[in-house]
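What follows is a single structure, written as structure tokens, with notes after it.
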Amino acid sequence: MTTDNDELTPRSAGRMRTTPSPGPTVVGQFRPRAAVWTAVAGIALFALVGASAPNHNTLRAPITWLRLPAMPGAVSAAVTYAAIVLSCLGTLGLLRAHGRGWRPRPRLLFGAGALAVLVVANLTPVGSSDMASYAAYGRIAALGADPYVTTPAQLGGPYAHLVSEGWRYTPSVYGPVATWWQAAGAFVGGDRPWLTIWALMLANAAAFLGTGYLLIRTADDPVRAGLLWVANPLLIGVLVAGGHLDTIIACLTVCAIHLVRRATRWHHDLIVGGLVGLACGVKISAALLGVGLAWPLLRAGSWQRAARLTCAAALVPAVLYSAYGVHALAPLSAASQLVSTPSLWAVFEKFGAWFLGPRGAATATGVLWPVVMLVLARALHRRVPAGTPAVVAVPFALTFAWVLTAPWTMPWYTAVTWAAAALFHQGRLTRYLVVTTALLAMSHNSGGHGWTL
């Protein structure tokens, strides 16, 4: 099945993958040399920072086989910001060239992206300290302890030393699937944190490339899908160089959307719900994906399909969390109160505290931001290019609105939005997504020094 923005209409499997031709499609007619070299320069700078570890923007566990002299903090920050800006400009330039008729071979895009991914995945993580937390939680689980009770500080040793101060005393806020993923990396690394981190980086890179392959094979425009994911320098810098779990959620998202568009039997809905449930087992925020897939079915009157999908999506994480118990959800409650800086909600809480008090301002934030998100999601949905299937448009609009309005948001949270964007045609919203991701990346470059909460 496939959908438009308002209804479900049958579609044969043979027509699932077509290539639109909004303009000239002659290969080589327009060659965006400047955009290509700008994108290459952005990825090269990300790699330079990772190879010059440890520095202000990387972890304190450098990969041993490629280590350049460490950068001073100011130089590292400047190079990382330059990498983000160049990657942003390169991505915008490549998309503009595609809109003007540039049609490189999808295989070429995949090969170029895979080369860049393999380079940065074999270097020290850049731009975030999350990989250290992943490794510590994985080590806790591998030793047989409960990562939803035991903190990295209690673990001690070389793993705890790498975790940033802001998260050293916090149990895992990730789902059971993420915990088992991290434990597998720690099983490989043993008492060597750098090896655990490297194993997780390679696994994340494989998930990124797998997602890119699926997008190129299933998207209506394979070239655009390649430019938006596997050959996207900004995403390579944010998701791969940072090693974030959101890549796994994006991979499950692509699988779920593709399957729900082809669903013809009742068990297909259960599989889609299972994929959503697995994504929630990585991060609970993936529940937005379930809402985004179920809503078009409800609008079309397919109540039974929506019910099957929803039940499966709820049952799978319930079974997964039963391996640890209800207490595994407790860290999520504490994390939901966080407000990132800079954020409009941080400003709201600061000034709202004068009238409502600190607790009242925090409560008001918790009530207001979901309302603002839904209003913005509706506005974004109306601006999705006409003809976009609803099972693509709604998850895109909902997750993009979440990134823009949630009190705690990071650049890698855009992974699902990028995956959905790769499945529809060119539009202004894509450029907004590029700029939003770049601005978030520049605002939240914690490297190995942790967050300032």
Side-chain angles (χ1 to χ4, degrees), residues 1-8 20 91 95 98-99 211-212 214-216 218-222 224-230 232 234-235 238-239 246-247 249-261 272 275-276 279 283 285-300 309 313 370 372-406 409-438 440:
M1 301 289 287
T2 186
T3 68
D4 57 21
N5 285 342
D6 298 309
E7 61 183 358
L8 296 176
T91 302
L95 291 175
H98 177 261
T211 305
L214 289 172
L215 285 170
I216 288 176
T218 61
D220 290 340
D221 187 345
R224 184 174 183 273
L227 292 174
L228 281 181
W229 189 269
V230 72
N232 185 333
L234 187 58
L235 271 196
V238 169
L239 287 179
D246 304 79
T247 305
I249 302 176
C251 185
L252 293 170
T253 296
V254 175
C255 295
I257 290 177
H258 178 62
L259 186 56
V260 79
R261 294 178 68 181
V272 172
L275 292 171
V276 174
K283 285 186 175 182
S285 57
L288 287 173
L289 172 62
V291 175
L293 294 178
W295 179 249
L297 298 176
L298 293 174
R299 286 285 304 274
L309 190 155
V372 176
M373 179 191 71
L374 293 176
V375 172
L376 181 59
R378 182 176 178 81
L380 291 172
H381 183 259
R382 290 178 174 177
R383 288 163 176 77
V384 172
T388 302
V391 291
V392 176
V394 176
F396 169 84
L398 195 58
T399 56
F400 197 8
W402 170 62
V403 169
L404 292 171
T405 60
T409 186
M410 298 294 152
W412 42 92
Y413 291 5
T414 61
V416 172
T417 312
W418 278 103
L423 293 170
F424 60 77
H425 303 320
Q426 189 75 286
R428 186 176 299 177
L429 290 178
T430 306
R431 296 194 291 273
Y432 294 158
L433 178 59
V434 175
V435 174
T436 297
T437 305
L440 286 172

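Just so we're clear, the structure is a prediction, and the values are computed from it rather than from any experiment.
- Residues A415 and W229 share a closest heavy-atom pair of O-CZ3, 3.5 Å.
- Counting heavy atoms from C-beta on, the side chains of P395 and V416 never come closer than 4.5 Å.
- Contact of the T399 side chain with the L289 side chain is not registered, since no non-hydrogen atoms from C-beta on lie closer than 4.5 Å.
- Between W402 and Y413, the ring planes are parallel. Angles under 30° get that label, and only those over 60° would be called perpendicular.
- R383 places a side-chain N or O within donor-acceptor distance of the main-chain N or O of A379, the cut-off being under 3.5 Å.
- Heavy atoms only, all atoms of each residue included: T211 and T247 are closest at OG1-O, 4.1 Å.
- Scanning both residues, T437 and P411, for their nearest heavy atoms gives O-CB, 3.9 Å.
- Looking at H425 and T388, their side chains never come closer than 4.5 Å, going by heavy atoms from C-beta outward.
- Nearest approach of A393 to V384, heavy atoms of both residues: CB-CG1, 3.9 Å.
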Practice problem: Evaluate the criterion side chain to side chain contact (heavy atoms under 4.5 Å, CB included) for residue pair L440 and V403; output intermediate values, then yes/no. | Solution: CA-CA 10 Å; L440 286 172; V403 169; 3.7 Å; yes

Exercise. Dump the intermediate steps for side chain to side chain contact (heavy atoms under 4.5 Å, CB included) on T253 and V276, then the final yes or no.
Key: CA-CA 7 Å; T253 296; V276 174; over 6 Å; no

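- Here CG of L309 is found 9.5 Å from CG of L259. Values are rounded to the nearest 0.5 Å.
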Practice problem: Apply the test side chain to side chain contact (heavy atoms under 4.5 Å, CB included) to residues L235 and L228: give CA-CA distance (whole Å), side-chain angles for both, the deciding distance (0.1 Å), then the verdict. | Solution: CA-CA 8 Å; L235 271 196; L228 281 181; over 6 Å; no

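- Between atom NE2 of residue H258 and atom CG of residue L215 there is a gap of 11.0 Å, rounded to the nearest 0.5 Å.
- Annotation: the span from F400 atom CZ to L376 atom CG amounts to 8.0 Å, rounded to 0.5 Å.
- The two residues A419 and V254 come nearest to each other via the heavy atoms CB-CG2, 3.8 Å.
- At least one side-chain heavy atom of K283 sits less than 4.5 Å from a side-chain heavy atom of D246.
- Annotation: side chain of V372 is not in contact with side chain of L404 (no heavy-atom distance under 4.5 Å).
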Exercise. Using the side chain to side chain contact (heavy atoms under 4.5 Å, CB included) rule, take L239 and W418 through it: C-alpha gap first, then chi angles, then the decisive distance, then the call.
Key: CA-CA 11 Å; L239 287 179; W418 278 103; over 6 Å; no

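- Taking CG of L293 as the start and CG of L298 as the end, the distance is 11.5 Å to the nearest 0.5 Å.
- Contact detail for L380 and A397: the closest heavy-atom pair is CD1-O, 3.8 Å.
- Here I257 contributes atom CD1 and F396 contributes atom CZ; the two are 11.5 Å apart, rounded to the nearest 0.5 Å.
- D221 places none of its side-chain heavy atoms less than 4.5 Å from the side chain of L423.
- Annotation: side chain of R224 is in contact with side chain of T430 (closest heavy-atom distance under 4.5 Å).
- L214 contributes atom CG, which lies 5.5 Å from atom SG of C251 (distance to the nearest 0.5 angstrom).
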